[in-house]
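No experiment lies behind these values; they were computed from the predicted model shown. Just so it is clear: chains get the letters A, B, ... in the order the sequence lines come, proteins before strands, and each one is counted from 1.
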2 protein chains.
Amino acid sequence: MNSQQANMEELNTLYLGDCLTEMRKIRPNSIDLIYLDPPFFTEKKHSLKNRDGSTTFSFNDIWGDQESYALFLHERLLVMRDLLSDTGSIFVHCDKSANHIVRALLDAVFGAENFQSEIIWHYKRWSNAKKGLLPSHQNIYFFSKTKNFKFRKVFTAYSDATNLDQILQRRTRNKDNKSVYARDANGKIEIGDAKQGVPLNDVWDIPYLNPKAKERVGYPTQKPLLLLDRIIELVTDEDDVVLDPFCGSGTSCVAAKLLKRRYLGIDQSEDAINLAQSRLQAPVKTDSALLTKGRDSFAKQDSVILECLKGLAFNPVNRNQGIDAILIEQFENTPVLVKVQKSDETLAEAATRLLKAASKKGSKRVFLVQTLIDLNDLPPSRDNIDMIVIQTPSVQIQARSLA
Amino acid sequence: MNSQQANMEELNTLYLGDCLTEMRKIRPNSIDLIYLDPPFFTEKKHSLKNRDGSTTFSFNDIWGDQESYALFLHERLLVMRDLLSDTGSIFVHCDKSANHIVRALLDAVFGAENFQSEIIWHYKRWSNAKKGLLPSHQNIYFFSKTKNFKFRKVFTAYSDATNLDQILQRRTRNKDNKSVYARDANGKIEIGDAKQGVPLNDVWDIPYLNPKAKERVGYPTQKPLLLLDRIIELVTDEDDVVLDPFCGSGTSCVAAKLLKRRYLGIDQSEDAINLAQSRLQAPVKTDSALLTKGRDSFAKQDSVILECLKGLAFNPVNRNQGIDAILIEQFENTPVLVKVQKSDETLAEAATRLLKAASKKGSKRVFLVQTLIDLNDLPPSRDNIDMIVIQTPSVQIQARSLA
DNA sequence: ACGGGAACTGAATCGGAAC
DNA sequence: AGTTCCGATTCAGTTCCCG
């Protein structure tokens, strides 16, 4: 860290130190989102070893009384308020140990009128030792600086029990001022505007970090990337600035980086800063893969490529860039190859790979399944290979809709 | 009510009045469970008409400032503490409006060491246009009088992801002292004792009292019986005494009665007491299809459908023979419907069903996804519906191969 | 700029009609 | 007779508008 710096203008950096002093170097009104995961007032010392056992990360969460905890948080929240831009928001993570204290402090600093939501992060856990209910949630308080806060509406699927047919119908009021469905002159039901889905609610069911997850870096109380992902997307745009004053292993910074936001992280522990630093450099790729996978499974859209070929008699081919399946029935005594376009390749790339494989296998007929809309030209065929491009239903529907 | 009574020894009764004064008539240490659903500090007046419109029930939840609300609740909680037996518990219902105040008061009156759980009651509710997240939970604070509180462990069903077969299998140790599944003389895996399930956690997904539910009596903010069932079963035995100092329409008393517990209800409103009284005569409980069958029973979409539509912006439609999805983008201000042919229907049947649905919805364009080879003719279109048939990749490939 | 009341929203269930 | 499907009903909803 360059001590010459008048303020922390340099973004995408991690700073070592107490956030109270470090934050004072940041320009007021310059931050779009503050996420913080401070000590929870558990009255315990938390420590955990990393995978190879070389480093033990720990932090102290023993305070003796509520007042010292409240004081600690309060003076820091006051600084945070100044840093936040007028369209900015703050998300404070805590749990049952002190959520009422945190909420009261936030009310005092940001004003009860700027309270937006109590988000419940719900996860499943495996344990049954204790008398009582199994704790399986944490609380996140969402406050905005002003009522003019930035918010990007997110929509989710309708409930399975919802009668979607009816949702489409336009509403009106009858002569008794009662809300009813609108009908035209012929008594036929009128259809209303397009529906986008159900607005995201305040209870988030996101899996806790699996003990064996690759994502796990050995830092105690590490949060899932998916949680931060969602928070960041909710209240920031690209290039906005995210500050995490208790960044720990740097999950929020990693999420910000993956989502093309700028970030600032602060932590008191040198070990934590080093860990976060290294996470931000190399493993962004693995994090990115995890995020994609997480999002997919979240949306329940995980799919098998071969689903496209369901109903056909074929042998699946694994670990071959050019081929996904070979049909059991041959064409003019040559194997019929099938390739499905992957989400990270253009149709032209897929075609080139398929043609190369076909040439090698001496195939006379191959099928390329297009899974993404793409208007570029295909490479010319070669070796008299008959390449037939077919489209998945969604591509066909999209093509028609665009027309 | 008999004013001669020195205390409220007479159980299974409802009392009209302010609970502060009424509760003083109850013998200390005589109550096993106190459930209360006080005003939430919403700063609104709540009122609602019953079904036939004959009575309007209402209560006032306007306080002006937090202090008067806190004072009101505090003096009543102090009395409640005295009434509770040493093995007793108190459950206080509130929401984001003042959960931090309620929690702080409970900490003060019952002691932070007797805090047991913050229960999150999560439900899906009809939404409305709002900037921010859709509120969909309320908070229930569970405190015990002493650490020696009564608690009956409740187990819930395993999640779908759990391999239930495996859990049921009896385990033993092999000669290397490794844990393995037990097998009988024939090498068949033995089934072990029934497992009890997963211990109940602190986030409860219970359907909101539906607008159409028979259980509804017209009282504002009425709670579902199921919620009270669960609380009562958790911390009381048969014949134990349940007190609800803000009983309103008497849901807690009805639940207690149905579960063979004794009850005492208090409310300020004569209308409420009358209503609760009559409910206790003929209790009605909604048989929630969601709960008895489970959410999963509704959908379980064919994976083929999801695969066909992957990449499209759509709302899935469940339990409708004619439609599987509605695209979010409309066509000439009419909804675009999509149907995927099922394995047990011919293309013609699928088309007929789709056209019928389209006609009703006034759709001008629909997509039918063909998943099976079929050479029969389609029914003629009707009502000027533009029906576009598209084929899955496997159908296209098969069609080509047959040629 | 506010506080308060009127106006309006929209999806999630259940219940019962339709098949 | 058992499913499937459709419509009623609601507002611990919100927003807007006016004084």
Less than 4.0 Å between a side-chain N and a carboxylate O, is that true for B:K223 and B:E215? no

Would you call A:D86 and A:K150 a salt bridge, taking side-chain N to carboxylate O under 4.0 Å as the test? no

Interatomic distance where [atom1] belongs to [X] and [atom2] belongs to [N] [whole Å]:
X	N	atom1	atom2	answer
A:L168	D:dC5	CG	C1'	15 Å
A:N163	D:dT10	CG	C1'	15 Å
B:N318	D:dT4	CG	C1'	14 Å
B:D205	C:dT13	CG	P	9 Å
A:R170	C:dC8	CZ	C1'	15 Å
B:I206	C:dC14	CD1	P	13 Å
B:K124	C:dT13	NZ	P	7 Å
B:L134	C:dT9	CG	C1'	12 Å

Closest nucleotide among D:dT10, C:dT13, C:dA11 to the A:S159 side chain: C:dT13

Under the rule of Watson-Crick or G-U wobble with both distances under 3.5 Å, where | means paired to another strand and [ ] a crossing pair, DNA chain C maps to .|||||||.||||||||||

Strictly by modelled atom types, are [X] and [Y] linked by a side-chain donor-acceptor pair under 3.5 Å?
X	Y	answer
A:N99	A:Q138	no
B:H93	B:Y35	yes
B:D61	B:T42	yes
B:D65	B:W63	no

side-chain N/O B:Q321 vs D:dC5 OP1/OP2, d < 4.0 Å: yes

Checking only heavy atoms, does the side chain of A:Q166 share a donor-acceptor pair with the base of C:dA11 at less than 3.5 Å? no

C1'-based separation of D:dT14 from D:dT10 [nearest Å]: 15 Å

Sugar-phosphate only, base, or nothing, as touched by A:G197 at under 4.0 Å among non-hydrogen atoms: sugar-phosphate

How many angstroms lie between CD1 in B:I120 and CH2 in A:W121, if you round to the nearest 0.5 Å? 14.0 Å

Criterion salt bridge (Lys or Arg N to Asp or Glu O under 4.0 Å) on B:R353 and B:E345, from CA distance to verdict: CA-CA 10 Å; B:R353 287 174 179 152; B:E345 62 186 4; 2.5 Å; yes

Counting only N and O atoms by type, is there a donor-acceptor contact under 3.5 Å from the side chain of A:S144 to the main-chain atoms of A:K147? no

Contacts of B:N201 meeting side chain to side chain contact (heavy atoms under 4.5 Å, CB included) (sequence neighbours excluded), chain-then-number -> A:H122, A:L134, A:S136, B:V203

Sequence neighbours excluded, the answer for side chain to side chain contact (heavy atoms under 4.5 Å, CB included) partners of B:N333 is B:Q330

Within residues 90-105 of chain B or reaching into it, pairs that qualify as salt bridge (charged side-chain N to carboxylate O under 4.0 Å, His left out) - sequence neighbours excluded: B:R103-B:D107

Using a 4.0 Å heavy-atom cut-off to protein, can you give one letter per nucleotide of nucleotides 12-19 of chain D, 5' to 3': B if the base is in contact, S if only the sugar-phosphate is, - if neither? BBBS----

Atom pairs, protein N/O to nucleotides 15-19 of chain C N/O, distance under 3.5 Å:
from   : atom 1 : to     : atom 2 : distance (Å)
C:dG15 : OP1    : B:K214 : N      : 3.3

